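Have a look at the structure below before the remarks.
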Amino acid sequence: MLLHLLPMACCERCSSNGSLHYRVSTTARPEWHFVCPGCWPTTSLEEGYRYGGTRKRSGRRRQRRPQQATTG
Ligand SMILES: [Zn+2]
């Protein structure tokens, strides 16, 4: 599983960037790719459709800069 190494992927069809994607593959596109919930119904009707999991962006990570303690 190299999922955690993938860059932030968006929907292969509409390029929408959401927090939820389905990992799918079809005959026309045998390699695993991600589609958004909006495109998934269409994708699931395609030939050779396979479902490979759901990817959620869990827990937002905020980049926090350590506050500099200014003494003065
Ligand atoms: Zn989409």
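This one's a predicted model, so the numbers in the text were calculated from it and none came from an experiment. Both counts, for ligands and for their atoms, begin at 1 and track the order of listing.
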Practice problem: Report yes or no: does H33 contribute a side-chain atom to a donor-acceptor pair with the main-chain N or O of E31 at less than 3.5 Å? | Solution: yes
Quiz item: Are any side-chain N or O atoms of R57 and backbone N or O atoms of G18, one a donor and one an acceptor, separated by less than 3.5 Å?
Solution: yes
Exercise. Evaluate the side-chain proximity of C36 to C14: yes if any heavy-atom separation is below 4.5 Å, no if none is.
Key: yes
Practice problem: Using a cut-off of 2.8 Å, find all protein N, O or S atoms closer to the Zn ion (ligand 1) than that distance. | Solution: C11 SG, C14 SG, C36 SG, C39 SG
Quiz item: Judged by atom type as modelled, is there a donor-acceptor pair below 3.5 Å linking the side chain of R23 to the main-chain atoms of G52?
Solution: yes
Quiz item: Do W40 and Y51 have a side chain donor and acceptor closer than 3.5 Å?
Solution: no
Quiz item: What pairs with T26 under side chain to side chain donor-acceptor pair (under 3.5 Å), at least two apart in sequence or on another chain?
Solution: none
